[in-house]
Amino acid sequence: EKGGYEHFMLKEMYEQPKAIADTFSPRLKNGEIIIEELGMSPEEIRQVEKIMIVACGSASHVGHTAKYIFEDMARIPVEVDVASEFRYRNPILNDRTVVVVISQSGETADTLAALREAKKQGARVLGIVNVVGSSIAREADNVMYTWAGPEIAVATTKAYSAQLTAVYLLAMKFAYERNEISREMLSELIDELKALPIQVEMLLNNQGKIQKFANRYLAAKNIFFIGRGIDYAISMEGSLKLKEISYIHSEAYAAGELKHGTISLVEEGTLVVSLVTQKELYKKIMSNMEEVRTRGAFVMGVTLEGNLEAEKSADYTVYIPETSPYFTNSLAIIPLQLFAYYIAVGRGCDVDKPRNLAKSVTVE
Ligand code: M6R
């Protein structure tokens, strides 16, 4: 059932091009984005005043990515919260708030409780869910399914990628209906979206290089991930992937925050993985890379093809193909997943069933 792969996680990583394509294809028709299951008229989309994204773990990282995209592309204020905080903090919601709950399993206890809380307060709840007919899918006002298929490995990969895709479609739909992007911009974005599956496949085929690099860090004690803007969101996911399956301590930081404390943890040889996919922020993040290098860090940079400058600030560089700045997370996550996977394999960890973790967290 692993289809010749050593682990479900590896198999599922390789299913990402399909998960992404299956999630966008049914929703693209004649140059338009059609999300019938959203159940919202263009008028209702224009009336939304706030989006609140609630989820746990990796799904909440999708929420962080979504915040950057929605605010920049659709100019709607977005709040992101982990469900366990949201449900107990008396959030401010009304009938012009859309609460988006994101969940692969559709059974996460805190996320389900957050959904119920949001409904009680009169907000419209949209579920982005992978498991058809799950509790969250049944209880949300509307459900947008991610079509990743069953995910077995505890560490999510293809469901995460499908969730990102769903969020892109949603942001593009909202941005277009609210006149924040032109038809030309919309078609350009659609073209970039359609290119993602093949680009992801190219990155997956680069696994040999990542495996070799990962093997140098099997004994690492700490690994840091840094980024700015949308790259910070992907840092969180890269860090979680690594720690959950390899048991290496890891943290993600907004690069500009390093100086406010964390940089004291950087020692000779500490690996810092730096995400460098936003052209507008290149200079800023590269100066953070220099800062940690001065303190002895070894820096792995993940950047866009053509950014040869990054090689000056990184000791090792991984390139991802050019795409819209909104979509870079879908590409940058691939080397980070592979890196986590090969470190875990190299350390002899139980990749598909890491200690202390369950695929679906149905208790609080
Ligand atoms: O099923 P859900 O998407 O609601 O699960 C949420 C988290 O438990 C999940 O993303 C978890 O963080 C993963 N193990 C991460 O790989």
Side-chain angles (χ1 to χ4, degrees), residues 5-7 9-10 12-14 58 61 153-157 160 203-227 231-255 258 262-277 285-286 288-303 310-320 329 331-357:
Y5 290 95
E6 203 184 330
H7 297 100
M9 184 182 173
L10 190 63
E12 289 162 4
M13 282 195 273
Y14 277 87
S58 292
H61 300 154
V154 165
T156 180
T157 54
Y160 168 85
L203 289 163
L204 286 165
N205 291 336
N206 208 11
Q207 33 73 20
K209 207 179 145 206
I210 307 283
Q211 180 172 18
K212 235 166 117 190
F213 180 73
N215 281 333
R216 288 163 51 183
Y217 283 91
L218 301 182
K221 292 269 174 289
N222 294 297
I223 296 181
F224 298 105
F225 289 76
I226 60 170
D231 284 339
Y232 173 43
I234 202 69
S235 304
M236 295 183 214
E237 177 59 8
S239 170
L240 178 62
K241 275 301 75 93
L242 178 75
K243 78 179 91 164
E244 74 178 324
I245 61 171
S246 77
Y247 317 142
I248 292 177
H249 171 253
S250 163
E251 301 290 336
Y253 287 97
L258 279 171
T262 312
I263 202 162
S264 67
L265 296 174
V266 172
E267 301 175 341
E268 195 60 41
T270 303
L271 178 61
V272 176
V273 180
S274 178
L275 282 300
V276 192
T277 75
I285 181 75
M286 289 198 269
N288 297 126
M289 290 153 75
E290 307 283 356
E291 278 161 16
V292 291
R293 263 176 122 193
T294 315
R295 274 112 185 145
F298 187 93
V299 176
M300 164 171 158
V302 178
T303 193
E311 292 196 8
K312 290 192 199 143
S313 323
D315 299 284
Y316 179 80
T317 312
V318 176
Y319 289 101
I320 61 166
N329 276 194
L331 302 179
I333 192 56
I334 306 299
L336 304 188
Q337 290 170 346
L338 288 166
F339 177 69
Y341 174 77
Y342 284 115
I343 289 220
V345 170
R347 285 163 65 91
C349 298
D350 189 350
V351 174
D352 286 335
K353 283 194 168 48
R355 68 184 182 205
N356 308 339
L357 296 175

Measure from the side-chain N and O atoms of [X] to the backbone N and O of [Y], and report whether any donor-acceptor pair falls under 3.5 Å.
X    : Y    : value
S239 : S235 : no
T262 : L258 : no
S250 : I223 : yes

Just to verify, which of L275, L271, V272 counts as forming a side chain to side chain contact (heavy atoms under 4.5 Å, CB included) with M300? L271
Measure from NZ or CZ of K241 to the centre of the six-membered ring of F339 and say whether it is under 6.0 Å with the direction within 45° of the ring axis.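 The answer is no; the distance or angle limit is not met.
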Regarding R347 and the six-membered ring of Y247, is the cationic atom NZ or CZ under 6.0 Å from the ring centre and inside 45° of its axis?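 No, R347 does not lie over the aromatic ring of Y247.
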Quick check: closest heavy atoms across [X] and [Y], and the distance to 0.1 Å?
X    : Y    : value
I234 : D231 : CG2-O, 3.2 Å
M9   : D352 : N-OD1, 2.9 Å
L338 : Q207 : CD2-CB, 3.8 Å
A214 : Y342 : CB-CB, 3.8 Å
L336 : V273 : CD2-CG1, 3.8 Å

Once you round to the nearest 0.5 Å, how far does [atom1] of [X] lie from [atom2] of [Y]?
X    : Y    : atom1 : atom2 : answer
N288 : I263 : CG    : CD1   : 8.0 Å
R293 : S274 : CZ    : OG    : 11.0 Å
Y160 : Q337 : OH    : CD    : 8.0 Å
H249 : K243 : NE2   : NZ    : 6.5 Å

Within a 6.0 Å radius of atom CD on E290, are there more than 12 heavy atoms belonging to other residues, nucleotides or ligands?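 Atom CD in E290 is crowded, with more than 12 foreign heavy atoms closer than 6.0 Å.
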Assess whether atom NZ of K209 is packed by more than 12 heavy atoms of other residues, nucleotides or ligands within 6.0 Å.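 Counting other residues, nucleotides and ligands, NZ of K209 exceeds 12 neighbours.
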Salt bridge flag under 4.0 Å for residues E291 and R295: no
Please work out which of the three classes, parallel, tilted or perpendicular, describes the rings of F298 and Y217, given edges at 30° and 60°. tilted
Aromatic rings F213 and Y316: how do their planes relate, parallel, tilted or perpendicular, breaks at 30° and 60°?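 Parallel, since the angle between the ring planes stays under 30°.
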